[in-house]
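A short worksheet on the structure shown next.
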Amino acid sequence: MSEEAAVRQAVVPMNLLVVDDELHVRQLCADVAENIGMHVTTVSSAEEALNILENSAVDILITDLKLQESSGLDLLQQVRDAHREVAVIVLTQYGTIDSAVSATRLGAVDYVTKPFRVEELRSRLERVARAVELQQENRLLREQLRTRPGFGGLIGISTKMQAVYRMIEKVSQHEYPVLILGESGTGKEMVARSVHFSGPRKDRTFAPVDCSSLVPTLIESELFGYVKGAFTGAIQAKQGLLEAASGGTLFLDEIGDMPVDLQAKLLRALQEREVKPVGSTERRHINVRIIAATNRDLETAIRSGTFRQDLYFRLNVVQMKLPALRDRKSDIPLLVTSFLEKFSAMHGSTRTISDDAMRRLIAYDWPGNVRELENAIERAVALGSGPIVHVGDLPSSLQYSTSERAPDRNEILPLEELERRAILKTLRETSGDKLAAARMLGIGKTTLYRKLKQYNVNQAEH
């Protein structure tokens, strides 16, 4: 089974609590949930529900908004305050949209309008269960990573990431240089920090310097320091990072962009374990571990004369190659869940993601890797209007499937095709809710149905 297929496997059975004062509704919910492998408990009041929540493990709660003794909104408020890990689906009578909106503001992840169809409830339950399972897996993963110092920022349980963790554990206990290779956005600095903070130098300085962002003269000053009066503007002496990080670790990011003449000076400093600040005749001893990283092919750079072979050998004592995100797609749901939690907390709300949106994220190749994924989720949370991130909340590059590409900026399309695409996009944003889609499009529901028939748009397309 491929990693992507593994992502879409059925979820682990969940514990479901159903709260409704109508026996037939409780029984129907229980039958649907048990049919998909859930463990179900049913009660008729909020008081009973709170007692169950206090004494039993509950993953998902289904509650009617109108209970005999109290409001379902009151129950939802208490669940949000004391049991934030529980995902809540609310049941509401047809037409009471305001109540459903209030429920989502209080943290409900979904709502179902009564009377409901069995297939509709089944679909909602399966979707919420998958989101809950991903959150639980991610929480477990983070707890596992917290037990290994320095791994806290790295997320992933794929085979490729497990190999990275094992390499970090090995190299962190030694002093030799490490060269980290990988595309932009794969987390090279995170790995460098993990190596440093997992080893014997963890209580000393970790000093990063980006060789691609500084002009050559500034790189030299940053690394080697200078004495007062060494050049115009040097009104006082400055200690270089090679000396300041003595006893700790110096992280040379994008080492492949360092000018060749500075490469020679760096090599000499590493070999002799001493530096000479700019404008000084005095040499100073250093004791620093070097971790370097680059997204360039250094062997090609050596052949073209833009990187010194002797420095490459000096830095490449141990090489770590980080996988691109497209090569570990089974980690995408974990990363997405982590980013959703991070940015939801910043906005003071709880967000989940729709199945459709998750499929788009998994299918995309992510040329910008984890950094691009994190930016996409941050954008979706910032611009999204509801508790669930839909395809329409994602960047435009992700809103079209492989079979439906976005039109080029200068491409002229027939009016009917533009209208068809607008309808499809709106239906995706509303998760197939035709009434909501019609409102967003500014047309009547009857007109929308006529357009769907005219353009031969079926349920599978959206």
Side-chain angles (χ1 to χ4, degrees), residues 8 89-105 108-128 130-131 351-364 376 379-462:
R8 300 178 182 177
I89 301 174
V90 297
L91 301 177
T92 179
Q93 293 293 332
Y94 178 76
T96 57
I97 299 299
D98 290 343
S99 296
V101 170
S102 298
T104 56
R105 287 174 178 167
V109 298
D110 209 342
Y111 69 91
V112 179
T113 303
K114 297 166 67 174
F116 54 81
R117 293 180 293 108
V118 168
E119 283 306 314
E120 179 188 12
L121 180 62
R122 177 199 294 267
S123 174
R124 301 293 176 91
L125 274 174
E126 288 178 338
R127 181 169 62 193
V128 172
R130 280 192 288 271
R351 302 292 179 91
T352 58
I353 188 165
S354 70
D355 293 344
D356 217 22
M358 181 65 84
R359 281 194 291 269
R360 293 294 174 92
L361 297 177
I362 293 171
Y364 187 59
R379 175 192 184 278
V381 171
L383 301 182
S385 57
I388 301 175
V389 172
H390 295 290
V391 172
D393 301 319
L394 301 176
S396 57
S397 59
L398 291 160
Q399 290 186 25
Y400 295 86
S401 64
T402 54
S403 60
E404 183 189 347
R405 64 174 178 83
D408 295 333
R409 180 177 299 179
N410 297 322
E411 182 180 6
I412 298 176
L413 294 174
L415 184 59
E416 288 189 355
E417 177 60 17
L418 288 172
E419 187 175 63
R420 188 186 77 86
R421 293 191 181 191
I423 289 173
L424 282 172
K425 183 176 183 293
T426 307
L427 284 170
R428 282 196 296 268
E429 291 185 14
T430 59
S431 298
D433 187 330
K434 295 181 177 63
L435 180 59
R439 287 174 177 168
M440 289 179 67
L441 290 165
I443 59 177
K445 189 173 182 180
T446 303
T447 302
L448 177 61
Y449 275 106
R450 178 168 53 80
K451 293 291 185 182
L452 292 174
K453 185 175 181 180
Q454 175 185 341
Y455 296 134
N456 195 27
V457 176
N458 54 46
Q459 189 69 22
E461 285 188 79
H462 54 82

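- Of all heavy-atom pairs spanning Val391 and Leu398, the tightest one is CG1-O, 4.3 Å.
- Separating the CG atom in Leu121 from the CD atom in Glu126 is a distance of 10.0 Å, to the nearest 0.5 Å.
- Summarising the geometry, atom CD1 belonging to Ile353 is positioned 9.0 Å from atom CG belonging to Asp393; distances are rounded to the nearest 0.5 Å.
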Open item on the list: Evaluate Arg450 against Thr447 for side-chain contact (heavy atoms from CB on, under 4.5 Å), listing each step before the verdict.
Closed with: CA-CA 5 Å; Arg450 178 168 53 80; Thr447 302; 3.5 Å; yes
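- When all heavy atoms of Tyr111 and Arg124 are compared, the closest pair comes out as O-NH1, 2.6 Å.
- Minimum interatomic distance between Lys434 and Leu448 (heavy atoms only, all atoms of both residues): O-CD2, 3.2 Å.
- Shown here are the salt bridge (charged side-chain N to carboxylate O under 4.0 Å, His left out) partners of Arg122, two or more places apart in sequence or in another chain: Glu119.
- In this structure, CG in Leu452 is found 6.0 Å from CD1 in Ile423, a value given to the nearest 0.5 Å.
- A search for side-chain contact (heavy atoms from CB on, under 4.5 Å) contacts involving Leu383 returns Arg379, not counting sequence neighbours.
- In this structure the side chain of Arg359 reaches within 4.5 angstrom of the side chain of Asp356, judged on heavy atoms.
- Pairing each heavy atom of Val389 with each of Ala357, the nearest pair is O-CB, 3.7 Å.
- A 4.5 Å side-chain heavy-atom check between Leu394 and Leu361 finds at least one atom pair inside the cut-off.
- Under the side-chain contact (heavy atoms from CB on, under 4.5 Å) criterion, Ser123 pairs with no residue at all, not counting sequence neighbours.
- Within the 4.5 Å cutoff, no side-chain heavy atoms of Val109 are placed close to those of Pro387.
- To the nearest 0.5 angstrom, Arg360 atom CZ is 12.5 Å from Asp355 atom CG.
- One distance of note links CG of Leu435 with OG1 of Thr113; it measures 10.0 Å at 0.5 Å rounding.
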